[in-house]
There are 2 protein chains.
Amino acid sequence: MNSISDTSSCCAPVKDVTQKLAALSHPARLEILRCLAGGRSCCCKEVVEHLDLAQSTVSQHLKILVEAGLVRYAPERQRSRYEIDQAALAAVSASVAALVETCCAVEGANI
Amino acid sequence: MNSISDTSSCCAPVKDVTQKLAALSHPARLEILRCLAGGRSCCCKEVVEHLDLAQSTVSQHLKILVEAGLVRYAPERQRSRYEIDQAALAAVSASVAALVETCCAVEGANI
DNA sequence: ATCGTCTATCGTCGATAAACGATGAACTCT
DNA sequence: AGAGTTCATCGTTTATCGACGATAGACGAT
């Protein structure tokens, strides 16, 4: 039926999901999310102290999470606030669940 | 509780999850999974025809999915069978759901 | 035995990711 | 004003990804 190159309706969301999954596919970024868990917002330095990585590296990882839409970013000058976008994260979980549903469904109906 | 640097018990599963998420974070591989959906097994050529990519590229993507443990592989000579590992896929979904749960939980209870 | 088909792998190339140090901007405090 | 903090970005280096063509192995059919 439709290939993945169907740019009209399917490609954008798919790319969105894959970008979010890519953002989640790094241990450091998962750890960052854990650091931001519970809805509390952290500044960069907090995460840095938690992670044992260079500040610039952590900043990059945060940027990736923000660009993927998983983390919100309030650029206050001194203490930028990073905060989990819980809705976006839940949406990713739902997308993965839907994918699993699709892949595991018994196709007895029409084929 | 445990940080990500806890190499004894926590690190291996984390890496396992991130590897699976990385495998899922590419549109072509999602499309491959859709092609394998419903528990039906496909050979490489079927996927190639479905995907508009070179055969070698598809074979690589399949390999990544197999190495991540999301797809089972029965190397028959002429028509290798690729098949979704539904349990593994469900486990990924559960892991993501648990992550979201952790990240969105109100931190009153025990962490 | 030979041809055609299907796979997997190799080698290559450009692009991207991951990590770091260094730097500069902006703010707070003394 | 000046020192100290915090942060984002730049530039660099190394490693990996994504895609392809080419190739070799294995099988079925002729």
Side-chain angles (χ1 to χ4, degrees), chain A residues 3-5 7 11 14-33 35-36 40-83, chain B residues 4-5 11 14-33 35-36 40-83:
Chain A
S3 143
I4 197 171
S5 56
T7 54
C11 191
V14 165
K15 207 173 169 206
D16 194 70
V17 171
T18 53
Q19 183 186 11
K20 285 173 165 54
L21 289 175
L24 291 177
S25 68
H26 193 288
R29 292 195 285 269
L30 287 190
E31 190 63 16
I32 288 176
L33 289 183
C35 186
L36 298 176
R40 75 195 190 95
S41 61
C42 294
C43 65
C44 183
K45 182 169 194 290
E46 262 181 283
V47 183
V48 169
E49 288 165 352
H50 196 71
L51 262 202
D52 194 47
L53 284 175
Q55 180 265 330
S56 56
T57 305
V58 171
S59 189
Q60 283 282 10
H61 282 307
L62 283 167
K63 188 179 183 183
I64 289 171
L65 287 168
V66 169
E67 285 176 348
L70 297 176
V71 166
R72 272 191 301 266
Y73 170 50
E76 307 204 8
R77 309 298 181 175
Q78 196 70 345
R79 295 232 159 176
S80 296
R81 316 289 293 186
Y82 289 94
E83 188 176 359
Chain B
I4 197 173
S5 54
C11 190
V14 166
K15 208 174 169 206
D16 194 69
V17 171
T18 53
Q19 183 186 9
K20 285 172 165 55
L21 289 174
L24 291 177
S25 66
H26 192 287
R29 292 195 285 269
L30 288 190
E31 190 65 15
I32 289 176
L33 288 183
C35 186
L36 299 176
R40 76 195 189 94
S41 60
C42 293
C43 66
C44 184
K45 182 170 194 289
E46 261 183 284
V47 182
V48 169
E49 288 165 354
H50 195 71
L51 263 201
D52 194 49
L53 283 175
Q55 178 266 330
S56 56
T57 305
V58 171
S59 189
Q60 283 281 10
H61 283 305
L62 283 167
K63 188 178 181 183
I64 289 172
L65 287 168
V66 169
E67 285 177 348
L70 297 176
V71 166
R72 272 191 299 267
Y73 170 50
E76 308 204 6
R77 308 299 180 176
Q78 196 69 343
R79 295 233 157 176
S80 295
R81 316 289 293 186
Y82 289 94
E83 188 177 0

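In what follows, every chain begins at residue 1, and chains take the letters A, B, ... in the order their sequences are listed. Heavy-atom basis, side chains included; hydrogens, waters and symmetry copies ignored.
Annotation: proximity of residues 52-63 of chain A to DNA chain C (heavy atom, distance under 4.0 Å) is found for A:L53, A:A54, A:S56, A:T57, A:H61, numbered in ascending order.
Just one residue in the list A:V48, A:L62, A:V71, A:V47 forms a side chain to side chain contact (heavy atoms under 4.5 Å, CB included) with A:C42, and that residue is A:V47. Partner of A:I64 under the side chain to side chain contact (heavy atoms under 4.5 Å, CB included) criterion, out of A:Q19, A:H26, A:R29: A:R29 alone.
Taking only side-chain nitrogens and oxygens, B:R79 never comes nearer than 4.0 Å to OP1 or OP2 of C:dT5. For the pair B:Y82 and C:dC6, the criterion of a side-chain N or O lying under 4.0 Å from OP1 or OP2 is not met.
Distances were taken from every side-chain heavy atom of A:Y73 (C-beta onward) to each of D:dA8, C:dA19, D:dG18; the shortest belongs to D:dA8. Set against D:dG18, D:dA8, C:dT7, the side chain of B:H26 has D:dG18 as its closest nucleotide.
Here the closest non-hydrogen pair linking B:S25 and A:A22 is CB-N, 3.4 Å. A pairwise comparison of heavy atoms in A:P27 and B:T18 identifies N-CG2, 3.7 Å as the closest pair. Nearest heavy-atom pair across B:K20 and B:A68 is NZ-O, 2.8 Å.
Taking the six-membered ring where tryptophan is involved, the planes of B:Y73 and B:Y82 are essentially parallel, since the angle between them stays under 30° and well short of 60°.
Contact annotation for A:R81: no contact, since no heavy-atom pair falls under 4.0 Å across all strands.
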Using a cut-off of under 3.5 Å, enumerate the N/O to N/O pairs linking the protein to nucleotides 27-30 of chain C.
residue : atom : partner : partner atom : Å
C:dC27  : O2   : A:Q78   : NE2          : 3.4

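When rounded to the nearest whole Å, the span between NE2 of B:H50 and P of C:dC6 equals 18 Å. In this structure, B:L65 atom CG and C:dA8 atom C1' are separated by 16 Å, rounded to whole Å.
For the pair B:C43 and A:S25, nearest-nucleotide mapping onto DNA chain C gives the more 5' position to B:C43.
Using a distance-only test at 3.5 Å, with no hydrogens or angles considered, no donor-acceptor pair links the side chain of A:S59 to the main chain of A:Q55. No donor-acceptor distance shorter than 3.5 angstrom exists from the side chain of B:R81 to the backbone of B:R40, with no hydrogens or angles considered.
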